[in-house]
Student: 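Supplied in structure tokens, the structure appears directly below.
Keep in mind the model is a prediction, meaning the values are calculated, not measured.
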Amino acid sequence: MKLWGKSIQVAATYIGTVVGAGFASGQEILAFFTAYGHAGTIGILLATSLFVWLGYKMMLIAHHLRTPSYESFNQKLFGPMIGRTMNILVFLTLFGVTTVMLAGAGSVLEEQFDIPYLFGTTATILLALLILRKGLEQLLVVNAIVVPSMLLFALFILLDGTAESPMPLSPPSDYTFLWKTILYVSFNLAMAQSVLIPIGYAIRDKVVLFRAAVIGGVVLGFMLLVVHTAMLANWDDVRLMNIPILFVTDQWNEWLQLFFVFVLYSEIFTTLISNVFGIGQQLRELLDVPESRLYLYLFSTSFVLCLIGYSQLLMFLYPLFGYLGLSTLCRISVPGNVLRKRF
């Protein structure tokens with residue numbers, strides 16, 4: 001029973017890292033899946049399988065190679081030269097996404113509760129530092145609390161009456177959706193390596209890693225499918241919206257709308273702390289600086305970038321990270337016996 005509990009905690013952390021603001025708002029799902037109609041549903045089923053298989057592989061390889069962070073993981077996986085380049089790119093993009101998540105948290109608090117932007121971002125930093133001081137265990141606990149709320153939100157959408165008249169079923173006219181699905185998975189797994197690798201290193205029981213990958217991948221697939229179906233049913237209304245899921249939640253009562261805001265902030269926050277934790281684990285291997293001070297430096301720099309604007313740089317980094325993720329995806333897809341021969 002204890003192993004099942006740990007599996008659920010790890011699965012929740014996996015889900016919480018993948019699910020960010022783009023997921024909660026429906027933007028990512030619309031762009032990668034719903035835009036392709038029912039072919040997007042096939043893409044989601046494929047993505048679910050890849051999240052299970054490749055999430056497990058990543059944790060298992062980190063377990064075998066005894067790599068505590070993506071710094072040492074990529075060094076062993078790609079070799080010193082390519083591994084060092086990969087780590088620089090991963091660091092830059094994780095840090096970029098961290099900055100955007102921090103800015104997003106401040107914006108949500110400002111728009112929904114009239115909390116000043118600077119106060120909201122500062123409060124988010126303080127809360128994140130409080131949790132990160134406790135290390136990996138506290139990260140697992142936070143995600144185990146937040147992820148059920150995300151799942152409940154998906155169930156509310158499922159039970160909502162807006163998904164009664166879906167788009168007519170039609171075969172895919174081309175197979176672009178397959179490439180978009182692979183890019184979606186590669187981007188998110190490249191993000192998730194910041195926590196999946198330390199988890200694979202820290203967890204001794206491989207059965208925990210396997211169960212966590214299965215639970216995490218299936219729940220991610222379920223939430224993708226629910227939001228995708230709701231937007232597919234209201235395609236004409238949501239296709240041009242910046243936050244498409246608002247079409248569904250705007251019809252809810254005041255308390256359910258407040259719950260949506262909580263879920264949106266939580267999804268931003270879990271991605272934020274997961275990224276900072278992963279960066280901190282990398283920097284610990286390079287710098288002789290206390291972990292808490294590293295987190296403070298990261299948040300301070302990120303806070304400054306929130307003030308001067310970072311969106312243009314991230315528009316460049318997001319697709320770059322997707323293609324970067326393809327390298328990791330291909331590498332961890334190599335059969336286990338080939339990797340064992342190399343190392």
Side-chain angles (χ1 to χ4, degrees), residues 3 6-18 46-91 93-94 135-136 139-140 143 182-218 220 274-275 277-286 321-343:
L3 292 182
K6 182 62 72 175
S7 300
I8 292 169
Q9 278 192 327
V10 173
T13 302
Y14 184 11
I15 296 162
T17 306
V18 170
L46 174 60
T48 303
S49 303
L50 291 174
F51 276 133
V52 172
W53 175 47
L54 294 172
Y56 175 60
K57 286 273 288 186
M58 186 175 285
M59 290 187 286
L60 188 63
I61 292 169
H63 178 88
H64 285 311
L65 298 182
R66 308 308 301 150
T67 51
S69 77
Y70 67 82
E71 170 74 23
S72 49
F73 181 84
N74 285 326
Q75 291 272 4
K76 287 194 174 182
L77 206 61
F78 293 99
M81 186 74 72
I82 298 175
R84 194 172 295 115
T85 304
M86 293 284 288
N87 285 327
I88 291 170
L89 292 172
V90 170
F91 172 82
T93 312
L94 276 179
L136 181 60
L139 194 69
L140 295 174
N143 280 282
I182 292 168
L183 269 184
Y184 179 79
V185 173
S186 72
F187 169 78
N188 281 291
L189 277 178
M191 291 276 292
Q193 68 176 286
S194 63
V195 291
L196 290 185
I197 290 165
I199 285 172
Y201 171 78
I203 300 290
R204 292 173 181 251
D205 298 288
K206 287 189 282 187
V207 68
V208 170
L209 303 179
F210 175 73
R211 289 172 181 170
V214 172
I215 296 168
V218 169
L220 281 169
S274 296
N275 284 0
F277 175 78
I279 296 171
Q281 294 304 298
Q282 181 202 18
L283 292 179
R284 278 183 66 194
E285 296 186 14
L286 301 173
F321 205 22
Y323 287 103
L324 168 67
L326 286 175
S327 306
T328 307
L329 222 71
C330 293
R331 195 70 188 90
I332 65 175
S333 300
V334 172
N337 60 328
V338 176
L339 282 174
R340 278 194 292 273
K341 285 177 184 176
R342 175 169 165 76
F343 305 111

Student: How close do G55 and A213 get, heavy atom to heavy atom, and via which atoms?
Tutor: C-CB, 4.3 Å
Student: Closer than 3.5 angstrom, by distance alone: can the side chain of K76 be matched with the main-chain N or O of T67 as a donor-acceptor pair?
Tutor: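 Here the side-chain-to-backbone pair does not exist.
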Student: Quick one, I332 and F73 - any side-chain contact, counting heavy atoms below 4.5 Å?
Tutor: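 Yes; the side chains approach each other to less than 4.5 Å.
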Student: Taking atom CG of L329 and atom CG of L183, what is their separation to the nearest 0.5 Å?
Tutor: 10.0 Å
Student: Measure the spacing between CD1 of I15 and CD1 of I8 and express it to the nearest 0.5 Å.
Tutor: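 Output value for this atom pair is 10.0 Å.
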Student: Could you grab the distance from atom CD of Q9 to atom CD1 of I215, nearest 0.5 Å is fine?
Tutor: 11.5 Å
Student: What I'd like to find out is whether the side chain of Y14 reaches to under 4.5 Å of the side chain of I199, using heavy atoms alone.
Tutor: no
Student: Do the side chains of F78 and T85 get nearer than 4.5 Å, heavy atoms only?
Tutor: no
Student: For the residue pair I197 and A62, what are the closest heavy atoms and their distance?
Tutor: O-CB, 3.6 Å
Student: Is the shortest side-chain heavy-atom distance between I61 and R331 below 4.5 Å?
Tutor: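 The answer is no; the side chains never approach within 4.5 Å.
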Student: Looking at every non-hydrogen atom in both residues, tell me the closest pair between A11 and G216 and how far apart they are.
Tutor: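 That closest heavy-atom pairing would be CB-N, 3.7 Å.
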Student: Do you know the tightest heavy-atom contact between A212 and S7?
Tutor: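 Nearest pair, atom of A212 first, then S7: CB-O, 3.5 Å.
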Student: Using 0.5 Å steps for rounding, measure from the CG atom of L77 to the OG atom of S72.
Tutor: 11.0 Å
Student: Give a yes or no on this: more than 12 heavy atoms of other residues, nucleotides or ligands lie within 6.0 Å of atom CZ of F210.
Tutor: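 Atom CZ in F210 is not crowded, with 12 or fewer foreign heavy atoms closer than 6.0 Å.
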Student: Could you state the interatomic distance from CG (L46) to CZ (F51), rounded to the nearest 0.5 Å?
Tutor: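 Going from CG on L46 over to CZ on F51, the span is 10.0 Å.
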Student: Using the rule side-chain contact (heavy atoms from CB on, under 4.5 Å), only one of K57, H64, M58 pairs with L60; which is it?
Tutor: H64
Student: Under the side-chain hydrogen bond (donor to acceptor under 3.5 Å, both in side chains) test, which residues partner T328, sequence neighbours left out?
Tutor: none
Student: May I ask you to test the Y201-H63 pair for a side-chain heavy-atom distance under 4.5 Å?
Tutor: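 They are not in side-chain contact.
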Student: Could you tell me the separation between the CG atom of N188 and the CG atom of L54, rounded to the nearest 0.5 Å?
Tutor: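 Taking CG in N188 and CG in L54, the distance rounds to 12.0 Å.
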Student: Does any non-hydrogen side-chain atom of N74 lie less than 4.5 Å from one of Q193?
Tutor: yes
